[in-house]
Amino acid sequence: MDIDLPDVVAEVKAEFDRYEKALVSNDVAVLDSIFRMDPRVIRYGGGENLYGYKEIEAFRAARSPVGLARTLSKTVITTYGRDVAVASTLFHRPTMVGKVGRQMQTWVRFPEGWRVVAAHVSVIAEPLA
């Protein structure tokens, strides 16, 4: 299996960047389009466990658009073959002093394009070192 083929990493990075832009601007239509429309898709969030596209879609529709700005660090995108990738990043928000957010997404290439099929978001105290 080929790991981190440059063209595949670039494709996923472009989709990851599109997701990030939609997230901080609360572009719900784009956010919804990025997750696979499937009842098996899962998103574990900071305060919610969402099972299936419909629950994720409802969460996005109800989420406050306030305080979404953030900065990313230590983003790693690893691809496995041409059709599977994992994107991991840390994030900081001005509203989360002393905390660091962690985000992981599993991306799969489908005929309609790259889609997130599993995601996890959590926040912890900022490590001292």
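Under a cut-off of 6.0 angstrom, the local environment of CE in Met96 is crowded, with over 12 non-hydrogen atoms contributed by other residues, nucleotides or ligands.
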Practice task
Decide yes or no on salt bridge (charged side-chain N to carboxylate O under 4.0 Å, His left out) for Asp17 and Lys13, but give the supporting numbers first.
Solution key: CA-CA 6 Å; Asp17 291 346; Lys13 171 101 172 56; 2.8 Å; yes
Practice task
Decide yes or no on side chain to side chain contact (heavy atoms under 4.5 Å, CB included) for Ser33 and Arg18, but give the supporting numbers first.
Solution key: CA-CA 11 Å; Ser33 75; Arg18 188 168 79 99; 3.9 Å; yes
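No side-chain heavy atom of Val76 sits less than 4.5 Å from a side-chain heavy atom of Thr89. Between Arg93 and Phe91, the closest side-chain pair of non-hydrogen atoms falls below 4.5 Å. Two residues are said to be in side-chain contact when any heavy atoms from C-beta on lie closer than 4.5 Å; Trp114 and Val108 fail this criterion. No side-chain heavy atom of Thr79 sits less than 4.5 Å from a side-chain heavy atom of Ile3. No side-chain heavy atom of Ile77 sits less than 4.5 Å from a side-chain heavy atom of Trp107. Arg82 places a side-chain heavy atom less than 4.5 Å from the side chain of Asp7. At least one side-chain heavy atom of Arg60 sits less than 4.5 Å from a side-chain heavy atom of Arg43. For the pair His92/Ser73, a side-chain contact is recorded, criterion being any heavy-atom separation below 4.5 Å from C-beta on.
Looking at residues two or more places apart in sequence or on another chain, you find a side chain to side chain contact (heavy atoms under 4.5 Å, CB included) between Ile42 and Tyr44, Tyr51. With sequence neighbours left out, the salt bridge (charged side-chain N to carboxylate O under 4.0 Å, His left out) criterion links Asp38 to Arg40.
The nearest pair of heavy atoms linking Val12 to Ala85 is CG2-CB, 3.8 Å. Scanning both residues, Met1 and Tyr80, for their nearest heavy atoms gives SD-CB, 3.6 Å. In plain terms, the two heavy atoms of Phe110 and Val117 that are nearest each other are CE1-CG1, 3.8 Å. Across all their heavy atoms, Leu68 and Val24 have their closest contact at O-CG1, 3.4 Å. Listed here is the closest heavy atom pair of Pro94 and Ala69: CD-O, 3.7 Å. In terms of heavy atoms, Pro127 sits closest to Val100 at CD-CG1, 3.9 Å.
With Asp2 contributing its side chain and Leu5 its backbone, the two residues share no donor-acceptor pair below 3.5 Å.
Among residues at least two apart or in separate chains, there is no salt bridge (Lys or Arg N to Asp or Glu O under 4.0 Å) pair with a member in residues 119-128. Counting only residues at least two apart or on different chains, the salt bridge (Lys or Arg N to Asp or Glu O under 4.0 Å) pairs with a member in residues 97-124 are Glu11-Arg109, Arg36-Glu112, Asp83-Arg109. Listed by first and then second residue, the salt bridge (Lys or Arg N to Asp or Glu O under 4.0 Å) pairs that reach into residues 62-80 are Glu20-Arg70, sequence neighbours excluded.
Linking ILVMFWY residues whenever their side-chain heavy atoms come closer than 4.5 Å, directly or via other members, leaves Val116 and Val86 in distinct clusters. One hydrophobic cluster holds both Leu50 and Val121 under the rule that ILVMFWY side chains link at heavy-atom gaps under 4.5 Å. Residues Phe16 and Leu23 are members of one and the same hydrophobic cluster, defined by side-chain heavy-atom contacts under 4.5 angstrom among Ile, Leu, Val, Met, Phe, Trp and Tyr. When hydrophobic clusters are built by joining Ile, Leu, Val, Met, Phe, Trp and Tyr residues whose side-chain heavy atoms come closer than 4.5 Å, directly or via intermediates, Ile34 is grouped together with Leu72. Both Phe35 and Val30 are members of a single hydrophobic cluster when ILVMFWY side chains are connected at heavy-atom separations under 4.5 Å.
The distance from the CG atom of Asn49 to the CD atom of Glu55 is 9.0 Å, given to the nearest 0.5 Å.
Within the hydrophobic cluster formed by Ile, Leu, Val, Met, Phe, Trp and Tyr side chains joined at under 4.5 Å, directly or through other members, Val28 stands alone, with no partner residue.
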